[in-house]
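Note that the numbering runs from 1 along the sequence shown for the chain. Counting convention: from 1, in listed order, for ligands and their atoms alike.
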Amino acid sequence: MPRLAALALAFLSCGTGPNPPVPLDRPLEPAADPAQIARGQALLAELQCARCHDGDALTPPPRERHCVHCHQSILAGVAAVGGDFAAPPAELARWQRDITHLRELPELRGLGRLRRSFVAAFLLSPHDLRPGLNTSMPRLHLDEPSAQALAAALVPDAEPAPHEPAGDPTRGRDLLGEHGCTNCHAFTGVATITARPLAHPPDPATMLRASQQAPDLRFTRDRLRPAALHTWLADPAALKPGTLMPDPDLRQDEIRDLATYLLTTPLEPLPPPVPPVMLPLLDREVGFAEVDAAIFHKTCWHCHSDPSYASGDGGPGNTGGLGFTGASLDLSSHAAISSGSRGPDGKRRSVLAPLPDGTPRIVAHLLARHAELTGATPELRGMPLGLTPVPLADIQLLATWIAQGRKP
Ligand code: HEC
Ligand code: HEC
Ligand code: HEC
Ligand code: HEC
């Protein structure tokens, strides 16, 4: 019903969008407060950041609990998986085909290059930094002091003063094309830059990973400390060992020109957040099996599972994890879905029932994920948490199934 389309708008409250650019003449950041650093280190463990990220301050959990290591082991083949996860070849092949998320992630190393204020703002309201990566930093259950403490633990040191004089931005723009930077990087908000092929390209598999990991250069001025930008362009691995950005082999004057262009060129504003538009309900009958295959078992089940099946871990959306106490929502069967979730008052509630505007709660969460990727921070957390949004045609399927009385 088209009613849903207009109603979904109500959820797109307070679209803050990505962090607004920081003025270049702002004061340098001092060293972080030791008490805040200690609090942040405790939070890194409490919020289980190491289930996704590798990093200097992080202790990885066993592979059985590490979202990325387990997926990577499976993709590398059964021999590397072993143990409980030894699977018949046909099943392994299916897993390898189905696992599209949480395969590749930035390591939290050398973060002294980032502005502490950027890290805190990003954790509170993450936005898409790497257009080639299909997974985003999830919106965790964080308040402002916790985000500040985490940022203090990740970026404890004082910011060094920039020492390089300004260069020529026009030449900097040409150098981005000449050195083939935009083979890997998007740079939204500036006129298209045509990249020359790289003189020494990495092998195709590394090139693919590098273009997934390369941030959109529009955010560089908000993210990087200017002194670190110069060091990065001179030798990325000196700041972040193991980085996938190859040494660009630049002269000092080229570094100055590139840095000046990256930091100062005017940017077209990002398009304003757009509310997703629901497709009308389908005329045909929709059964549970179809919705389950397209949505619940394809994606949701992995964080909202039956704990008796998954060695006691029902996932962050059911029994808790990643700093969430868990919404007690099991999406692994028709009966479990019908029994709903636990609301903030501790009482169970339906996720299929309509919110005051008529949109079923579960549909509103799926639309919120579309909104997040256009830069909004909707009131409801987008689902699937931090992953590719469910296509609108599949949301239409789910909405139709609910409207038809959710047949088994
Ligand atoms: C479910 C997986 C997941 C968890 C858990 C997670 N992250 Fe992330 N994080 C990501 C992904 C994916 C990105 C890359 C996002 C992008 O580039 O758009 C990211 C990016 C980041 C970045 C930016 C790094 C850079 O180089 O750009 C920081 C900082 C960060 N995460 C910190 C944290 C902290 C602190 C925690 C724990 C409180 C945490 N993350 C938990 C998935 C996760
Ligand atoms: C013990 C190994 C293991 C761990 C740990 C693990 N997964 Fe998976 N994951 C799998 C397997 C196997 C599949 C494929 C299952 C299938 O196709 O039936 C999968 C598939 C998925 C999928 C659906 C496919 C896709 O890419 O969209 C999602 C989403 C997912 N996992 C998320 C997570 C998250 C989030 C975590 C951490 C909280 C996690 N997984 C931890 C083994 C694991
Ligand atoms: C082969 C792909 C590749 C090429 C070519 C490349 N980069 Fe990168 N670049 C990356 C990757 C990957 C990262 C992220 C590194 C990390 O976090 O480990 C990165 C990070 C950066 C960053 C930090 C941005 C941020 O927001 O964190 C800047 C600035 C940058 N590159 C500029 C350049 C410039 C200028 C050139 C050309 C001279 C260039 N890059 C060429 C892959 C590439
Ligand atoms: C990466 C893990 C993850 C994935 C994948 C995921 N969820 Fe969630 N989900 C969560 C977490 C964590 C919460 C609890 C959030 C909170 O407490 O605010 C949650 C909460 C929810 C809620 C809110 C329940 C309530 O009453 O507040 C709904 C509805 C939901 N998820 C639906 C889905 C659907 C549908 C999918 C698949 C399209 C999905 N989720 C995939 C982690 C995930």
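- When only non-hydrogen protein atoms are considered, atom 27 (O) of ligand 4 lies nearest to Arg349 NH2, 2.9 Å.
- Here Leu114 has no heavy atoms under 4.0 Å from ligand 3, in either its backbone or its side chain.
- The shortest N/O to N/O separation between Gln213 and ligand 3 does not fall below 3.5 Å.
- For Cys181, heavy-atom contacts with ligand 3 shorter than 4.0 Å involve the backbone as well as the side chain.
- If you look at Leu233 next to ligand 3, the close heavy atoms, those under 4.0 Å, all belong to the side chain.
- Heavy atoms only, all atoms of each residue included: Arg139 and Thr377 are closest at NH2-CG2, 3.7 Å.
- Counting only heavy atoms of the protein, atom 3 (C) of ligand 3 lies nearest to Cys184 SG, 2.8 Å.
- Put simply, part of Gly180 is less than 4.0 Å from ligand 3, judged by heavy atoms.
- Nearest non-hydrogen protein atom to atom 16 (C) of ligand 3 is Lys240 NZ, 3.3 Å.
- Nearest to atom 13 (C) of ligand 4 by heavy atom, out of Arg381, Met383, His101, is Met383.
- Only the side chain of Leu102 comes within 4.0 Å of ligand 2, counting heavy atoms alone; its backbone N, CA, C and O stay farther away.
- When heavy-atom distances to ligand 3 are checked against a 4.0 Å cut-off, Arg113 comes that close only through its side chain, counted from C-beta outward.
- Among all protein heavy atoms, the one lying closest to atom 23 (C) of ligand 4 is His365 NE2, 3.4 Å.
- Backbone and side-chain nitrogen or oxygen atoms of Arg342 are examined, and none is located within less than 3.5 angstrom of a nitrogen or oxygen of ligand 4.
- Of all protein heavy atoms, the one closest to atom 12 (C) of ligand 3 is Ala210 O, 3.4 Å.
- Using 4.0 Å as the threshold, Leu198 has a heavy atom nearer than that to some atom of ligand 3.
- Those atoms of ligand 2 that come under 4.0 Å of a heavy atom in Lys298, given as number and element, are 23 (C), 24 (C).
- The closest non-hydrogen atom to atom 21 (C) of ligand 4, taken over Arg51, Arg139, His304, His302, comes from His304.
- Residue Trp232 places a heavy atom under 4.0 Å from ligand 3.
- Residue, atom and distance of the protein heavy atom nearest to atom 39 (C) of ligand 3 are Met245 CE, 3.3 Å.
- For the residue pair His185 and Pro215, the shortest heavy atom distance occurs at ND1-O, 2.8 Å.
- Among all non-hydrogen protein atoms, the one lying nearest atom 15 (C) of ligand 3 is Thr243 OG1, 3.2 Å.
- The shortest heavy-atom distance from Arg130 to ligand 3 is under 4.0 Å.
- For the side chain to side chain contact (heavy atoms under 4.5 Å, CB included) test with Trp401, the passing option among Ile295, Asp292, Val286 is Val286; the others fail.
- Residue side and main chain included, Cys303 places no N/O/S atom under 2.8 Å of atom 8 (Fe) of ligand 4.
- Interface atoms of ligand 2 facing Arg63, defined by a heavy-atom separation under 4.0 Å, are 5 (C).
- Residue contacts with ligand 2, taken as heavy atom pairs separated by less than 4.0 Å, do not involve His297 at all.
- When non-hydrogen atoms are compared, ligand 3 lies under 4.0 Å from the side chain of Pro246 (C-beta onward) but not from its backbone.
- Within the 4.0 Å heavy-atom criterion, the part of His71 lying near ligand 2 is the side chain and not the backbone.
- Atom CZ of Arg109 has more than 12 neighbouring heavy atoms from other residues, nucleotides or ligands inside a 6.0 Å radius.
- Among the backbone and side-chain atoms of Cys70, no N/O/S atom is found under 2.8 Å from atom 8 (Fe) of ligand 2.
- Under a 4.0 Å criterion applied to the non-hydrogen atoms of Leu366, ligand 4 contributes the atoms 35 (C), 38 (C).
- The closest non-hydrogen atom to atom 14 (C) of ligand 4, taken over Phe324, Trp301, Phe296, comes from Phe324.
- In this structure, of Leu250, Leu263, Thr220, Leu176, the residue bringing a heavy atom nearest to atom 24 (C) of ligand 3 is Thr220.
- Taking any N or O of Arg361, backbone or side chain, none lies under 3.5 Å from an N or O belonging to ligand 4.
- The distance criterion of under 3.5 Å between nitrogen or oxygen atoms is met by His185 with respect to ligand 3.
- The side chain of Leu229, and not its backbone, has at least one atom closer than 4.0 Å to an atom of ligand 3 (non-hydrogen atoms only; side chain from C-beta on).
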